**Student:** 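Could you have a look at this structure, given as structure tokens, before my questions?
Atoms within a ligand are numbered from 1 in the order they appear, just like the ligands themselves. Computed from a prediction, not measured in an experiment: that's the story for all the values here.
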Amino acid sequence: MLQLKNNNLTPATQQHLSKRQADINGRPAFIDKSGRAGTLWDGKTGSRAGKAAFEEIKNTLIAMCVGVELCNYCEQSEASDIEHILPKSLFPAHTFEWENYLLACKKCNTTHKLDAIDVFDPDGSTNAIRVANGKEPPTHDVAFVHPRRVDPMDFMDLNFDDFLFYARPPHAPNTRGFVMVEKTLDILELNNRPTLVNFRRSAFHNYKRMLREFVETNQAANYDELEQAVTGNPQVDRQSPFEAEKQRILDGLRTSILTHEHPTVWREMIRQRNNLPQPIQQLFRDAPEALTWHEIN
Ligand SMILES: [Zn+2]
């Protein structure tokens, strides 16, 4: 998981959200707040103003997505649903809060995350408690790596042997950070969906191949070497001036890297490059510009 950019909404849309949130907050009991949150959410695009506001919200979230419209949780599937990081039924006070939204895929939103969330025990310990459905949570201090508030890469590492995520130092067992990672991985099942783990592994091999092609293209001195570098894909246009053709291929490879699924794998390759096999370390030495490739724009 990666931290999302934090783009702003227009004042009109922000106001639209605040008005709806005030309506919920004005209800007396938790159950009324929760019920009202559901009703207002379901009818959010029922008016012309609501439709316009949520069109802007969706488009802004698309622009903030990691990669190109990739689910911000699994990084594998299309980001289609506006997801409440703090579920609206349990945290109605965050239903129309801009910072509580991200785009997730259908599967992450409806099969994995649902309304599951843990909060830290109000006793001040690092124990986390699963919030029960229909009950007011004892606190809003969620035990979840919130990708709009924090950088998930500060909390976890991808292990390149098993392609699983683990809490990273200084988040040792029994610290808040460790518990947040544990609960996040557990709820989103990022480590126990075998196909997802395999996709991360193949993303790693694809990134490696594309980086090698980039280096070899960069070193090519003639059309034959260009062709060898990319093994026929894309096709080399021998009618085009050599330097321009080379640049076109380099640009294409950079774009391919930055639009590939599992951008966290790429970011971890950069971060952990000195511990990766020698040939990969050499590729990064030969293409130091790749170290700055974090996002497509
Ligand atoms: Zn997903």
**Student:** Should we say atom CD of Glu55 is surrounded by more than 12 heavy atoms from elsewhere, each under 6.0 Å from it?
**Tutor:**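 No, CD of Glu55 has 12 or fewer neighbouring heavy atoms, counting only those of other groups under 6.0 Å.
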**Student:** Looking at Asn174, I want to see if its CG is surrounded by more than 12 non-hydrogen atoms of other residues, nucleotides or ligands under 6.0 Å.
**Tutor:**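 Not more than 12 within 6.0 Å, no.
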**Student:** Measuring from Gln228:CD to Thr217:OG1, what's the distance to the nearest 0.5 Å?
**Tutor:**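 The OG1 atom of Thr217 is 11.0 Å from CD of Gln228, to the nearest 0.5 Å.
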**Student:** Which protein N, O or S atoms does the Zn ion (ligand 1) have within a distance shorter than 2.8 Å?
**Tutor:**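 The answer is Cys71 SG, Cys74 SG, Cys105 SG, Cys108 SG.
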**Student:** Pick from Phe96, Tyr101, Phe144, Phe91: which one makes a ring-ring contact (aromatic ring centres under 6.0 Å, His included) with His84?
**Tutor:**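 Between His84 and the candidates, ring-ring contact (aromatic ring centres under 6.0 Å, His included) is satisfied uniquely by Tyr101.
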**Student:** Is it the case that atom CZ in Arg48 sees more than 12 heavy atoms from other parts of the structure closer than 6.0 Å?
**Tutor:**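 Not buried by this count: 12 neighbours or fewer within 6.0 Å.
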**Student:** Is the Phe284-Trp266 ring centre distance short of 6.0 angstrom?
**Tutor:**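 Close enough - the centres of the two rings lie under 6.0 Å apart.
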